[in-house]
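All values below were derived from every heavy atom in this structure, side-chain atoms included, with hydrogens, water molecules and symmetry-related copies excluded.
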Amino acid sequence: MRRFLSVMALAVALGGSDAAAQQSIIDGWAWSTLVPSIAQTDILGTHLRELRNEQERRNTPPPDVSRLGFTPSKVRRNANLAAFVEKTRAVDPNGAADLQRLFAEGDIIERIGAAIAPVGLRTDNLADVYALWWIAAWQATRGDNDTLGRDMYAAVRAQSARALNAAGSPGKASDAEKQELAEALLVQTMLIDVAVDRAKGNPALMRQVKLAVAKGARGMGLDMAGMEITGGGFVPNGKR
């Protein structure tokens, strides 16, 4: 979402400007490095494969998102962000320094929360956060990061909630575990957004970003090339 960049006015040169450094933003930091084990990487992919047609989605009752919410803690947030920096340092010391500087500028999660509120999403519910990340990653594989309409975010939020509820363990996780996963995905989403924005006007760099995001999404169980987004959420496009 471009809104992230315009609202937060990111001044940190996240990961540099060349293709190798840009891929490091997505491939090195933002996937297995940050995502905790409770993510159950195939949650969304399994759910999408089970979708059969648009009529089925229309007939599905609204999902219960209450089990996916959590009460965030500033203490836990500070610990999570510090842990993200340390995990990153092991694979990308320069990227870790950039993240540390960015986090020191203020509460990045609060700023993301303010940026996504206009499209009806929150940072303290896994369904909202998964929807945000899912859309951002899918758009990135198309070289885009425009903000979509509220209806699309709401539809994907419902899809995410159904998938997470069906998986069981995310809903049963502790507030601390939910917060860690949510904040990892929010940081990923921000990095994806920055990477796409930096690659615009540079076709070679954009190809690197698209490939890196697609690879990372496959690690989360999602084949971005095999889906499209509609007013009713993501649907298989028959290309896979």
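Shortest non-hydrogen contact noted between A140 and V196 is CB-CG2, 3.5 Å. Of all non-hydrogen atoms in R198 and L205, the two that sit nearest each other are O-CD2, 4.0 Å. Nearest heavy-atom pair across D144 and D146 is OD1-N, 3.1 Å. Counting all heavy atoms, side chain and backbone alike, G233 lies closest to V156 at CA-CG2, 4.0 Å. When all heavy atoms of E180 and F84 are compared, the pair lying nearest together is O-CZ, 4.0 Å. A127 and L68 make their closest contact through CB-CD1, 3.9 Å (heavy atoms, listed as atom of the first residue, atom of the second, distance).
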**Message:** For a side-chain contact (heavy atoms from CB on, under 4.5 Å) check, start with the C-alpha distance between V129 and R122, then their side-chain angles and the critical distance, and finish with the verdict.
**Reply:** CA-CA 7 Å; V129 173; R122 301 171 58 95; over 6 Å; no

**Request:** Test L181 against E177 for side-chain contact (heavy atoms from CB on, under 4.5 Å), laying out the working first.
**Result:** CA-CA 6 Å; L181 175 55; E177 289 172 320; over 6 Å; no

**Request:** Show your reasoning for whether side-chain contact (heavy atoms from CB on, under 4.5 Å) applies to M206 and K200.
**Result:** CA-CA 7 Å; M206 186 64 82; K200 288 180 177 177; 3.7 Å; yes

**Message:** If you apply the rule side-chain contact (heavy atoms from CB on, under 4.5 Å), what do you find for I135 with Q139, and how did you get there?
**Reply:** CA-CA 6 Å; I135 289 172; Q139 286 185 298; 3.7 Å; yes

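A distance of 5.0 Å separates OH of Y153 from OG1 of T147, quoted to the nearest 0.5 Å. Annotation: the span from Q188 atom CD to L132 atom CG amounts to 11.0 Å, rounded to 0.5 Å. L99 contributes atom CG, which lies 9.0 Å from atom CG of L81 (distance to the nearest 0.5 angstrom).
Judged as a salt bridge (Lys or Arg N to Asp or Glu O under 4.0 Å), not a single pair has a partner in residues 131-140 (not counting sequence neighbours).
Scored by the side-chain contact (heavy atoms from CB on, under 4.5 Å) test, R142 finds W138, M224, E228, N237 as partners (sequence neighbours excluded). Contacts of R207 classified as side-chain contact (heavy atoms from CB on, under 4.5 Å), with partners at least two apart in sequence or in another chain: P203, A204. In this structure D64 satisfies the side-chain hydrogen bond (donor to acceptor under 3.5 Å, both in side chains) test together with S66, sequence neighbours excluded. For R77, the salt bridge (charged side-chain N to carboxylate O under 4.0 Å, His left out) test picks out D107, E183, with sequence neighbours left out. With sequence neighbours left out, M152 forms a side-chain contact (heavy atoms from CB on, under 4.5 Å) with L148, I229. Not counting sequence neighbours, T71 has no partner by the side-chain hydrogen bond (donor to acceptor under 3.5 Å, both in side chains) test. Partners of N125 according to the side-chain hydrogen bond (donor to acceptor under 3.5 Å, both in side chains) rule, which considers only residues two or more places apart in sequence or in another chain, do not exist here. With sequence neighbours excluded, no residue forms a salt bridge (charged side-chain N to carboxylate O under 4.0 Å, His left out) with D175. The salt bridge (charged side-chain N to carboxylate O under 4.0 Å, His left out) test applied to R150 returns no partner, not counting sequence neighbours. Partners of A79 by side-chain contact (heavy atoms from CB on, under 4.5 Å), not counting sequence neighbours: none found.
You'll find the side chain of T141 stays beyond 4.5 Å of the side chain of V209, heavy atoms only. Contact of the P236 side chain with the M227 side chain is not registered, since no non-hydrogen atoms from C-beta on lie closer than 4.5 Å.
With hydrogens and angles ignored, the 3.5 Å screen pairs a side-chain donor or acceptor of K178 with a backbone N or O of G69. When atom types are taken as modelled, the side chain of D197 and the backbone of D193 share no donor-acceptor pair closer than 3.5 angstrom. Between the side chain of Q100 and the backbone N or O of V85, no donor-acceptor pair lies under 3.5 Å.
Side-chain heavy atoms closer than 4.5 Å link hydrophobic residues (I, L, V, M, F, W, Y) into clusters, and following such links, possibly through other members, connects I109 to Y130. With hydrophobic clusters built from ILVMFWY side chains whose heavy atoms lie under 4.5 angstrom apart, L186 does not share a cluster with V65. Two different hydrophobic clusters hold I108 and F70 under the rule that ILVMFWY side chains link at heavy-atom gaps under 4.5 Å.
The pair R157-D128 meets the salt-bridge criterion, since a charged nitrogen lies less than 4.0 angstrom from a carboxylate oxygen.
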